[in-house]
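Heads up, the thing below is written out as structure tokens.
We're numbering straight along the sequence, starting at 1.
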Amino acid sequence: MIFDLDGVVTQTARIHAQAWKRMFDAYLQQRGEKEGKRYEPLDIETDYREHIDGIPRYDGVRNFLKSRGITLPEGTPEDEEGDETVGGLGNLKNMYFQELLRQGGVDVYDDTIAWLKRQKQNGIRTAVISASKNCVDVLHAAGIERLFEEHVDGLQSAELGLKGKPAPDIFLEAARRLGIAPQETAIFEDARKGVQAGKAGGFGLVVGIDRTHDEAALKEGGADIVIKEFPKV
């Protein structure tokens with residue numbers, strides 16, 4: 001079984017969304033004032049789900065700005081936070097995320113953790129994936145790193161040249177590390193692009209986790225089943 005981290009195992013998806021909104025709303029207001037026009041601020045219910053959720057950070061910057069008709073220079077991952085580049089805005093978002101993480105800590109979904117522990121007791125192999133480069137920090141902060149044999153995150157994806165979701169690369173790499181064929185593997189995802197990735201990878205079961213009343217879109221994206229929470233004992 002391969003679990004997406006943010007929004008399935010931990011409640012960090014909402015922290016990511018808050019950090020994105022803080023960064024983009026300030027940037028759009030500043031840019032709009034310079035240009036004498038108004039840009040619509042980021043809407044978490046629509047924009048975050050459609051353009052950002054579940055994909056690598058810099059892809060999220062490009063996707064959302066494209067929706068507002070804005071194209072920026074790429075810059076580099078070493079750009080200063082807030083530089084007017086894809087790298088600079090992505091790095092500013094990450095700084096805000098880390099601030100929020102320090103302030104509020106990491107909450108887990110108790111239903112996921114309890115169910116996951118039972119599957120481990122039954123001998124099920126497990127891995128966790130995340131588009132975020134903060135994956136290991138989040139796992140340790142939540143105290144759940146031992147629940148997963150393998151992890152593939154944003155740092156490793158960049159090193160290996162893995163494509164972001166909806167490409168299935170990150171899930172396929174996790175399955176490879178477990179030594180289990182995709183057809184014998186279930187994946188658990190809360191993001192639309194995540195279930196699309198699971199379907200594209202030919203996984204045996206794609207389970208959509210509907211934490212935010214998004215069942216129809218998860219099914220449309222390719223989820224075989226959609227659940228609102230993991231079953232109790």
Side-chain angles (χ1 to χ4, degrees), residues 1-25 28 39-69 90 93 97 107-109 111-112 115-116 127-132 135 138 152-154 157 162-172 174-175 182 185-231:
M1 295 180 175
I2 303 174
F3 295 79
D4 178 54
L5 179 67
D6 304 298
V8 176
V9 180
T10 62
Q11 298 187 35
T12 39
R14 62 177 177 78
I15 305 177
H16 280 292
Q18 290 168 5
W20 280 112
K21 182 167 177 60
R22 177 180 172 187
M23 183 276 289
F24 272 133
D25 285 1
L28 291 176
Y39 290 101
E40 282 295 321
L42 185 149
D43 185 295
I44 290 176
E45 290 300 310
T46 56
D47 293 316
Y48 177 71
R49 288 178 177 177
E50 182 65 27
H51 303 300
I52 300 170
D53 190 18
I55 65 174
R57 187 190 315 156
Y58 302 126
D59 290 347
V61 174
R62 291 186 210 96
N63 281 3
F64 176 75
L65 290 179
K66 184 179 179 181
S67 77
R68 298 302 190 266
K93 176 267 167 181
F97 173 79
D107 292 325
V108 299
Y109 285 103
D111 61 304
T112 306
W115 189 82
L116 178 54
V128 64
I129 64 95
S130 176
S132 173
C135 176
V138 170
V152 185
D153 61 15
S157 293
L162 304 181
K163 294 179 182 177
K165 305 169 192 174
D169 298 25
I170 194 168
F171 287 113
L172 293 172
T185 304
I187 72 163
F188 300 83
E189 255 287 358
D190 70 310
R192 298 172 183 180
K193 287 183 171 59
V195 294
Q196 292 170 8
K199 205 65 177 176
F203 285 86
L205 182 66
V206 179
V207 182
I209 311 300
D210 180 22
R211 305 286 193 192
T212 57
H213 310 291
D214 204 29
E215 180 176 358
L218 291 171
K219 285 184 176 177
E220 185 180 340
D224 297 308
I225 59 172
V226 175
I227 61 176
K228 294 192 180 300
E229 61 180 17
F230 286 83

Original post:
Passes salt bridge (charged side-chain N to carboxylate O under 4.0 Å, His left out), R211 versus D111? Steps please.
Top reply: CA-CA 12 Å; R211 305 286 193 192; D111 61 304; 3.2 Å; yes
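- Annotation: W115 is in aromatic contact with F188 [ring centroid separation under 6.0 Å].
- In plain terms, the two heavy atoms of A223 and G208 that are nearest each other are CB-N, 3.8 Å.
- The two residues P182 and G201 have their closest heavy-atom pair at CB-O, 3.8 Å.
- Using a 4.5 Å heavy-atom threshold, the side chains of D4 and K165 count as touching.
- Side chains of W20 and V61 form a contact here, defined as non-hydrogen atoms less than 4.5 Å apart.
- Under the 30°/60° scheme for interplanar angles, the aromatic rings of F171 and F203 are found to stand perpendicular.
- Taken from CD in E50 to OG1 in T46, the straight-line distance is 8.5 Å, to the nearest 0.5 Å.
- Applying the side chain to side chain donor-acceptor pair (under 3.5 Å) test to K219 and every residue at least two apart in sequence or in another chain returns E215.
- Heavy atoms only, all atoms of each residue included: V195 and G222 are closest at CG2-N, 4.3 Å.
- Remark: A17 pairs with I44, Y48 by the side-chain contact (heavy atoms from CB on, under 4.5 Å) rule, at least two apart or across chains.
- Taking 4.0 Å as the cut-off between side-chain N and carboxylate O, R14 and D107 count as a salt-bridged pair.
- Considering all non-hydrogen atoms of both residues, G54 and A191 come closest at CA-CB, 4.2 Å.
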Original post:
Going through the checks in order, is the side chain to side chain contact (heavy atoms under 4.5 Å, CB included) test met by F24 and L65?
Top reply: CA-CA 9 Å; F24 272 133; L65 290 179; 3.8 Å; yes
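- When every heavy atom of V226 is checked against every heavy atom of D210, the shortest pair comes out as CG1-CB, 3.7 Å.
- Residues D224 and K199 form a side-chain contact, since some pair of their non-hydrogen atoms from C-beta on lies under 4.5 Å apart.
- With rounding to the nearest 0.5 angstrom, the CG atom of L172 is 9.5 Å from the OG1 atom of T185.
- Rounding to the nearest 0.5 angstrom, the gap separating the CZ atom in R62 from the CD1 atom in I52 is 13.0 Å.
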**OP:** Just do the side chain to side chain contact (heavy atoms under 4.5 Å, CB included) check on D190 and D6 with the steps written out, would you?
**Re:** CA-CA 8 Å; D190 70 310; D6 304 298; 5.9 Å; no
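- The side chain to side chain contact (heavy atoms under 4.5 Å, CB included) test with I129 is passed by exactly one of D169, L5, I2: I2.
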**OP:** For D153 and S130, run side chain to side chain donor-acceptor pair (under 3.5 Å): C-alpha distance rounded to whole Å, both residues' side-chain angles, the deciding distance at 0.1 Å, then the answer.
**Re:** CA-CA 5 Å; D153 61 15; S130 176; over 6 Å; no
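- Taking OG1 from T112 and CD from Q11, the interatomic distance works out to 9.0 Å, rounded to the nearest 0.5 Å.
- Contact annotation: the side chain of E189 never approaches that of V206 to less than 4.5 Å [non-hydrogen atoms, C-beta and beyond].
- In this structure, K193 does not pair ionically with D59, as no charged nitrogen and carboxylate oxygen lie closer than 4.0 Å.
- Side-chain atoms of I187 and L205, non-hydrogen and from C-beta on, never get closer than 4.5 Å to each other.
- The salt bridge (charged side-chain N to carboxylate O under 4.0 Å, His left out) test with R68 is passed by exactly one of D25, D47, D43: D47.
- S132 places none of its side-chain heavy atoms less than 4.5 Å from the side chain of R57.
- Under the 6.0 Å distance and 45° angle rule, K66 does not count as a cation-pi partner of F64.
- Evaluation of the side-chain contact (heavy atoms from CB on, under 4.5 Å) rule for R49 yields E45, R192, T212, D214 as partners, not counting sequence neighbours.
- By the 4.5 Å heavy-atom criterion applied to side chains, Y109 and E229 are not counted as neighbours.
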